[in-house]
Amino acid sequence: MPQTDPKPHFVQTHLSDPSAVRAELQGGLLATPAHIAPKFLYDALGSRLFDAITELPEYYPTRTEANIFAQHGAAMARHLPASAVLMDLGAGSCAKAARLFPVLQPAGYVAVDISVDYLRDALGALQQRHPKLPMLGLGMDFSSRLALGPAAADWLHSRDLQGAPRTVFYPGSSIGNFDPAQALTLLRQAHALCREGGPGSGLLIGVDLVKPTAVLEPAYDDALGVTAAFNRNLLLNVNRWLGSDFAPAQWQHKAFFNELESRIEMHLLALHTQTVRWPGGERVFAAGEGLHTESSYKWKPAAFEALLNEAGFGSVRLWSDERQWFGVFAATAGDAGVPSQPR
Ligand code: AVJ
């Protein structure tokens with residue numbers, strides 16, 4: 001007799017409010033310098049363009065991190081609790097986490113992404129391959145605040161996982177989009193999430209490292225122009241959300257390493273003077289004037305370890321590649337009542 005199909009459970013805790021999104025966009029467009037948040041890079045086309053970026057010869061982070069996981073996954077697993085609930089932040093296709101299932105042996109899998117719709121197919125397919133592993137898809141914008149919420153807590157309880165240790169998984173150097181103060185806030189929230197779980201809970205996080213500008217800049221300004229298309233596509237998204245009339249061809253992609261801030265900056269520069277209009281507003285951009293679309297922070301290993309400590313994590317371990325281009329850090333949250341970092 002065929003068994004009934006196991007099904008992942010889905011919870012959407014956050015739905016973007018269109019008028020709040022329009023207000024946010026308008027605020028950024030009227031500021032000097034003008035800026036738009038990098039989350040507007042990712043519609044269906046933007047996500048595909050990003051996937052293409054990860055295959056470019058110049059874009060080293062994705063393949064370098066994958067090699068580090070492949071080479072050191074077993075050592076990472078020894079530093080993290082067995083039978084933990086794996087909480088995958090920005091899970092997307094869930095592929096990175098799934099590749100670690102054999103070594104991490106999780107007791108549950110919580111895939112968090114801004115929209116459960118992005119998770120539905122990937123998590124459904126993954127559930128078929130791991131029919132016994134309890135899986136939750138959680139639609140949540142954790143860039144504003146990371147916390148599980150009551151529906152997810154109920155689900156953990158229903159699967160008898162409320163007391164299980166937790167491993168918070170945040171790969172891909174997604175933390176790079178946050179400035180150091182915002183990154184600290186997010187890591188503190190990740191620490192709180194760990195402390196709600198059982199003993200041994202911890203964090204596994206991928207972080208892009210400082211390296212020569214001659215390596216960094218081509219990774220964000222590739223010869224095929226894929227990153228340029230990815231950046232310009234943000235304007236199409238803004239047009240859709242705001243009703244604006246940006247013409248992508250009138251904007252030039254620019255990426256450079258800001259050494260002082262230790263970040264790659266992506267901008268779009270107006271090729272000539274133009275007025276951009278939307279319902280309720282307009283902005284004149286002078287020729288050469290820029291629109292800041294993304295920052296991607298690069299960390300030195302010691303500085304990121306200090307940040308982890310400041311967020312409450314201890315026992316920090318780092319795995320890297322032979323060129324030290326990318327780092328995967330594991331750290332433990334300390335047990336309840338026994339701070340890992342007395343201060
Ligand atoms: C998804 C934020 C890690 O900063 O490298 C890639 C995004 N932007 N190329 C990065 C990105 C341009 C990427 N992160």
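Counting starts at 1 for both ligands and their atoms, following the listed order. Note that this is a predicted model, so its numbers are computed, not measured.
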Subset of ligand 1 atoms that lie under 4.0 Å from at least one heavy atom of Asn177: 2 (C)

Verify same cluster id: Val316, Ile68 (apolar side-chain graph, 4.5 Å): no

Atom 7 (C) of ligand 1: the protein heavy-atom neighbour that sits closest, reported with distance to 0.1 Å: Glu294 OE2, 3.4 Å

Numbering as shown, the atoms of ligand 1 that approach Ser173 to under 4.0 Å (heavy-atom distance): 3 (C)

Charged tip of Arg283 within 45° of Phe285 ring normal and under 6.0 Å: yes

Proximal ligand 1 atoms for Ser296, defined as those under 4.0 Å from one of its heavy atoms: 4 (O), 5 (O), 10 (C)

N/O separation below 3.5 Å, Tyr220 to ligand 1: yes

For Tyr42, the ligand 1 atoms whose distance to one of its heavy atoms is below 4.0 Å: 1 (C), 7 (C)

Cation-pi geometry met for Arg120 and Phe10 (6.0 Å, 45°): yes

Atom indices of ligand 1, in the order listed, that fall short of 4.0 Å to a heavy atom of Gly172: 3 (C)

Same apolar cluster (I L V M F W Y, side chains within < 4.5 Å links), Leu268/Phe50: yes

Where ligand 1 meets Phe230 - atom numbers and elements under 4.0 angstrom, heavy-atom basis: 8 (N), 12 (C)

Flag, side chain of Gln189 to backbone of Ala147, donor-acceptor distance under 3.5 Å: no

Validation row: Val328, Ile205 side chains within 4.5 angstrom (heavy atoms): no

Any N/O pair Tyr59/ligand 1 closer than 3.5 Å: yes

Side-chain heavy atoms of Glu265 within contact of Phe256, under 4.5 Å: yes

